Structures are given as structure tokens and as C-alpha cells.
Amino acid sequence: MYVWITLLAGLALLPALLKTFFPYFFQDCVYMYRALGCGIRLNVYKRKTPFYSIVDCFADAAKKHPRKAFIHFEGKSYSYEEVEKESNKVANALRSEAGLKEGDTVALFLGNEPRFVWTWLGLAKLGCIAALLNFNIRAKSLLHCFSCCGANVLIAAAELRDAVEEILPALKEKGITVYLLSDETCTTDGIQCISQAIAKASDKPLSPSLRSNIHIRTTALYIYTSGTTGLPKAAYVTHERVWASSFIQGVCGVTSEDVFYINLPLYHSAGFLIGLVGSIERGNTVVLRRKFSASQFWDDCRKYNITVMQYIGETLRYLCNTPKKDSDRDHKVRIAIGNGVRADVWKEFLNRFGRIYVRELYAATEGNVGFINYTDKVGVVGRINILSKVFFPFSIIKFDIDKEEPVRNAEGLCIPAGKDEVGLLVGKITKHTPFVGYAGNKQQTEKKRLSDVFVKGDLYFNSGDLLRIDRDKFVYFHDRVGDTFRWKGENVATTEVADILTMVDCIEEANVYGVKVEGHEGRIGMAAVKLNEGRDFDCVNTCSVLANYLPVYARPRFIRIQNSLEVTGTFKMKKVKLVEEGFDPTLIRDPLYFLDLTQKKYIPLSQEIHKSIMSQEIKL
């Protein structure tokens, strides 16, 4: 009897002991249980014949709960059945009007709206690959993004007609078919309006045989990512990656009863793969918004009973910067999934808006390694457990920041970073963790492959990111390396911006970099430029040229005029010192300019303007 009492007492004390000595034991177990379940399902889908895609998953959901709301958008609701029928119309219309078939690549140039969803679904039902174009880009960048994926058809929103017409001569020269989602009759030669044909098309399902050659490793999408090339790169997204990304919601504890809020752009991995596709996998309801609005965010949450939100670092900061209200905690949001939030903003967000499980994650569209912070610890992007290296064999290696290359030993092999040491994250390229690369860009694909890491001949994906793992196995994001910085949740490629700056008549050379601003996440764009001999800096024309080619977040907000730009021995622009010096006119003798978006020109950066920026009186 005494033995049984002792045993029961021990069992009763076990949870308390585990929490004391292994504080994250239960959270580790829950995460591993969910992750294993998703891994098993992915393995089943890989072996299923015919291949079971996310499109088949949506069709099954439409049969299972046809009347359930799938999308809420601007006061209207669309059920699973309605979206299914609309996507069938799109597929039937594009098959008959455009002759689209399995394997064709179609570029989608649309904003956040329900038509984006059923147009993509319709294309997927035909076995087509969708290239998701950023609706902010124009001219040279837009044409590049369209061309590199090998698309033969462009489908654009009516409100983006001007942007399409700007590159139309080049598209016509390539024999590209352009469709506008408009009910009006198109008068522009080379553009066809297809909305009426879609409206008249049959809403009957198409035969799955139309996509009979699709399998787990087939390309499903192209999602664009900025990098050291300057221009955006089209990352291959296979059906396997689509499924894997869709499971993130499930791993974070999202269920079919949740209402998921998407206000991030659908051309991004976060909005599309984690948000939209993840909601299809879960079978939940989506509230879709054209763009993020801090002032209307919580009103939307209350109106639609939103339980899961997405964020980027800036999103939470914007919410924290709104005027405080008595209703700040009057909402049903329980989970926030995203990346890039600073620890101080994270704490402020929780203190103000209540108990919300923040699931900060680390991942890259094209990468083969990722982490999720499934604990309550603030400031980390993940936690290492026994499954981590099974799913994602990775390492953090010593990295020389000045040389921008891994540190190697006498044998030419990389050196693992120690505990709490910042290093470069690399993911081993294997059959189960592949790195497919970028469409039409073999050079940049190869640059992302790092060989001879730990043994001669091995191959790893170079994330280009610096991380560290502490002694408690928590993962921290430190910084990015190379020629990319992040602002407003977007990656900005410095080479692309520099190329466009040199298109300005007065500028001979440009060195673009990101600088930190107190109170802001990421780095804001700045450029050191050398003017053509005998020319003055043209404040208006520089602004005009940048506006024609770059979205607002990528335009340098600060310009520094220099007599010459420093370069390394291999003629690479030196940036470290420039980044450190920032944009303080009291410390810099070179002329400094600030981009005033209201005046649409660069103005001299005075100490008063600098003070207003630092005090956040001037909003960046």
C-alpha cells in the first residue's frame, strides 16, 4: 500500500518537477506530436496515386462543407462551394479561350481580392504553374519578373492596366497573350478582356486527368524573392513545398474552427502559402483585406470574430503605435503567426492586447530549413528539439562579416559556430530537403549552394542569414548578409536600386545600403552617390525616376553625395563604414538629402528634419 501511495504521489509531482527542470517539456511534446502528424501526412501524399494536391484538398472541402464561408471580403462572403464554382469557371474559360494546358506558366498580376484566389485555383485545376507578381513593381522590374519564369500568358487586374500597357510592346514582341480581368471591351491592341467569358463559362468540375502528370516535385508556383542579383528572383515552389508550408498553421495549433486574417500580400509566401493555402489545408475561414490597416485592424477582428492573425515585424509595431482604447483587449485573437518582430515590440504587444500566442518563425521561400517558436519565450524564432535536424538537417557555421564568407580551416572546411555564437545558417541539401533554386537564373542558384562544408563534396543551402543558438536551444535571428536589407516587411535588393539610380542623368555611380532608424524594424534605404562631372544633384528628377521603377519601400529615403565611392581590392562597394555612419548631419560633412514623399522630391537633410525623424514626428 505504501508503495502505491508513494508512486501516486510521485506521479502527482511529476508535472511540477518537469516544469522546474525541463520548463518547455510539454510544449516540446505538443510541437513534436503536431509536426510528426504533418510529416506522416506529407509522406502519405507523396505516395498517393493519382497525386493529391492542395487543389484536390479544396475540392474535398467544398464537398464536405459547401455552405461554410471560405472568404470574407469587403462586406461580402463567399462559401467554399461558391469559390469552387468560380474556379471551375476560370479553368473552363481559360482552357477554351486561351488553350491553357498542363505545364503552361501563367503570370498573375493581381491585388488581394477573391478573384486572385479562384483564378489561381482555376489555373491549378488545369495543371498550370502560377507566377505571383508583386503588384507594386513597374517597368523594367515587372518585365524582368515576367520574363524569367517563362510565362506565356499574363492575367492582370483592371486597375493595373496602365502598368501592363507600359511593357506591352515588349510583351507583344515575345508573343505573350495578355488578359485583363475586366467586363469592359478592350480597345488596346494586344490586351483581351476575359471577365465576360469567365462569367459565361461552365461551373462544372474539370477532369483531374487534365493534370495527370503533376506529382510532388512538380513546380506549382513561382514566388519572387529579392537578392544579391539586384532584380527579384523567381523561386521554384514545388507541390511538396506547398504542402509543407500549409502545415505551418496546424503546427501552430490552428483548427478548422478558426477564422484566419490575411492582410499581407498574396504574392508573398506568408500571405499565400501560410495564410491562404494553410487555410485550405485546415478547412477554416479567411478574412481577406486588400492591405494592412492599423486603424481598422481590431475592428475587423471584432466584426469577423477573427482568432488567428498574421504579421510582419512592422505590423505589430504599427498596432502598438495606435491610440490606446478601452477595447484593446476586446477581441478573440488567440494566435499570431509571422516573423521579424523585435523583442520590445513583442512585449508591448502582449501587455497591451492580451494573451496571444505569438508564433514567430524563420523561413525563406526558396530555403530548405525553417524554425517556429512554439513556446512563450519572447525574442526567439525557434527552438531546437530532437526532430529539428531530422526534418531540417542544418548547421550554424563561423562567418567572416568583413569578407562576407564562411571561415574555413586548414583543410578548407567550414567550422561550426559555438553555443551563443552568431554564425551563418546553412541547410544540408538532400533528397528530402532539396534546394531547387531560381527560374532562369543558374548563376544565383549556384551562389546559394555552398560546397565542402564539413566534408569534401557535401552541399548546403546558404541562407545568407546570421543566427545563433543559445545554451537552452533557442534560436535567435541576428542579421542578414550580402546585398539585401529588409524594410516594411520587404526585401530590398541594393544592386537593383543602384542600377536604377544610375539611370538618373546627374548620377554617375551609386552605392546603396540599409541603415537602422531608432524605433523601426529592419533597415531603411540610403544611397551614397557620385555625381557626373559638372552636374548638380537633381532633387526632382531623381525622385521621379525612382518612382517610375521602384515601389515606395525600395526607394532610398536618404541620399549622401560623395566625391568618390570607396571600393575594395576586388572593386566591391564598401558599405560597412557608411552603414555605421548612418544619416546624422551633425556627424557627416557630405551633403545629405531626404526624400519627402509629399513634395515628391529630395530636400536637404537639416538637423531639424533629422531630429523629427528620430522623434518619429516624421513618419517613415
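Atom set for the values below is all heavy atoms of this structure, side chains included, hydrogens, waters and symmetry mates excluded. The shown structure was predicted, so the numbers you read here are calculated from the model rather than taken from an experiment.
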- Closest approach of Ala498 and Ala510, non-hydrogen atoms and distance? CB-O, 3.7 Å
- Residues Thr494 and Lys575: side-chain donor-acceptor under 3.5 angstrom: yes
- Query: Run the side-chain contact (heavy atoms from CB on, under 4.5 Å) check on Val251 and Tyr374 step by step: do they pass?
  - Reply: CA-CA 8 Å; Val251 169; Tyr374 51 84; over 6 Å; no
- Count the heavy atoms belonging to other residues, nucleotides or ligands that lie under 6.0 Å from CG of Leu587, then report whether that count exceeds 12. yes
- Can you tell me if His478 uses its side chain to pair, donor with acceptor, with the backbone of Gly423 under 3.5 Å? no
- Message: Could you tell me if the side chain of Thr219 sits less than 4.5 Å from the side chain of Val436, heavy atoms only?
- Response: no
- Could you give the distance from NZ (Lys174) to OG (Ser147), rounded to the nearest 0.5 Å? 4.0 Å
- Task: Report yes if the side chains of Leu361 and Val381 come closer than 4.5 Å at any heavy-atom pair, otherwise no.
- Result: no
- Message: Taking the side chain as everything from C-beta on, heavy atoms only, tell me whether Tyr549 gets closer than 4.5 Å to Met503.
- Response: yes
- What's the shortest heavy-atom distance between Pro406 and Cys414, and which atoms? CB-SG, 4.0 Å
- Query: With a 4.5 Å limit on heavy-atom distance, are the side chains of Phe146 and Ile176 in contact?
  - Reply: yes
- Message: What's the separation between atom CZ in Phe583 and atom CG in Leu578, rounded to the nearest 0.5 Å?
- Response: 14.0 Å
- Query: Nearest heavy-atom pair of Asn112 and Pro265: which atoms, and what distance?
  - Reply: OD1-CA, 3.5 Å
- Query: Taking C-beta and beyond as the side chain, do Asn263 and Gln310 meet within less than 4.5 Å on heavy atoms?
  - Reply: no
- Query: Can any side-chain N or O of Asn368 pair as donor or acceptor with the backbone N or O of Phe435 at less than 3.5 Å?
  - Reply: no
- Would the number of heavy atoms belonging to other residues, nucleotides or ligands and lying under 6.0 Å from NZ of Lys428 be above 12? no
- Message: Tell me if the aromatic rings of Tyr236 and Tyr438 count as close, with their centers under 6.0 Å from one another.
- Response: no
- Is the cationic atom of Lys377 (NZ for Lys, CZ for Arg) positioned less than 6.0 Å from the six-membered ring centroid of Phe474 and within 45 degrees of its normal? yes
- Does a sphere of radius 6.0 Å around CZ in Phe349 hold more than 12 heavy atoms from other residues, nucleotides or ligands, not counting ones at 6.0 Å or beyond? yes
- Item | Check: Asn373/Tyr362 side-chain N/O donor and acceptor closer than 3.5 Å | no
- Message: Does atom NZ (Lys488) have a neighbourhood of more than 12 heavy atoms from anything else shown, all under 6.0 Å?
- Response: yes
- Return the minimal non-hydrogen interatomic distance between Thr375 and Arg383, and the atom names on each side. CG2-CD, 3.8 Å
- Do the rings of Phe247 and Tyr45 sit parallel, tilted or perpendicular, given the 30° and 60° boundaries? parallel
- Message: Restricting to non-hydrogen atoms, name the atom on Ile262 and the atom on Gly275 that form the minimum distance, rounded to 0.1 Å.
- Response: CD1-C, 3.5 Å
- State whether the number of non-hydrogen atoms from other residues, nucleotides or ligands found under 6.0 Å of Asn409 atom CG is greater than 12. yes
- Checking salt bridge (charged side-chain N to carboxylate O under 4.0 Å, His left out) for the pair Arg449/Glu446: CA distance, chi angles, key distance, verdict? CA-CA 5 Å; Arg449 291 188 173 121; Glu446 288 306 313; 2.6 Å; yes
- Of all heavy-atom pairs linking Arg217 and His432, the shortest is NH2-CA, 4.3 Å
- Query: Side chains of Leu459 and Ser451: does their closest heavy-atom pair fall under 4.5 Å?
  - Reply: yes
- Message: Less than 3.5 Å apart, any donor N or O on the side chain of Asp472 or Tyr24 sitting next to an acceptor on the other?
- Response: no
- Message: So for atom NZ, which belongs to Lys419, do other residues, nucleotides or ligands contribute more than 12 heavy atoms lying within a distance under 6.0 Å?
- Response: yes
- Interatomic spacing from CG in Leu266 to CG in Asn134 - rounded to 0.5 Å: 12.0 Å
- Is Arg557 reaching over with its side chain to a backbone N or O of Leu595, donor-acceptor style, under 3.5 angstrom? yes
- List the steps, then state whether side-chain contact (heavy atoms from CB on, under 4.5 Å) holds for Arg241 with Glu366. CA-CA 9 Å; Arg241 176 59 60 87; Glu366 72 277 37; 5.6 Å; no
- Can you measure from SG (Cys145) to CG (Leu132) and round to the nearest 0.5 angstrom? 11.0 Å
- Item | Any Pro393 side-chain heavy atom under 4.5 Å of Thr433 side chain | yes
- Query: Heavy-atom distance under 4.5 Å between the side chains of Leu171 and Leu143, does that happen here?
  - Reply: yes
- Task: Report the relative orientation of the aromatic rings in Phe51 and His239; use parallel for angles under 30°, tilted for 30 to 60°, perpendicular for over 60°.
- Result: perpendicular
- Message: Below 30° counts as parallel, above 60° as perpendicular, anything between as tilted: where do the rings of Trp120 and Phe272 land?
- Response: perpendicular
- Item | Any donor-acceptor pair under 3.5 Å from Ser245 side chain to Leu273 backbone | no
- Task: Determine, stepwise, if the pair His268 / Ile223 fulfils side-chain contact (heavy atoms from CB on, under 4.5 Å).
- Result: CA-CA 7 Å; His268 262 190; Ile223 293 181; 6.0 Å; no
- Is the closest basic N to carboxylate O distance between Asp104 and Lys101 below 4.0 Å? yes
- Item | Gap separating the CZ atom of Phe558 from the OH atom of Tyr513, nearest 0.5 angstrom | 10.5 Å
- Separation between CD (Glu508) and NZ (Lys530), nearest 0.5 Å, reads 4.0 Å
- Message: Determine whether Val497 and Arg555 satisfy the following criterion, side-chain contact (heavy atoms from CB on, under 4.5 Å), listing intermediate values before the conclusion.
- Response: CA-CA 7 Å; Val497 179; Arg555 299 171 204 166; over 6 Å; no
- Message: Please report whether the ring centroid of Phe394 lies less than 6.0 Å from that of Phe371.
- Response: yes
- Should the heavy atoms of other residues, nucleotides or ligands under 6.0 Å from NZ of Lys456 be counted, would the total exceed 12? yes
- Does any N or O in the side chain of Asp458 come within less than 3.5 Å of the main-chain N or O of Val453, such that one atom is a donor and the other an acceptor? yes
- Are Tyr267 and Tyr224 close enough that their ring centres sit under 6.0 Å apart? no
- Message: Donor-acceptor check, side chain of Glu360 to backbone of Gly382, threshold 3.5 angstrom: yes or no?
- Response: no
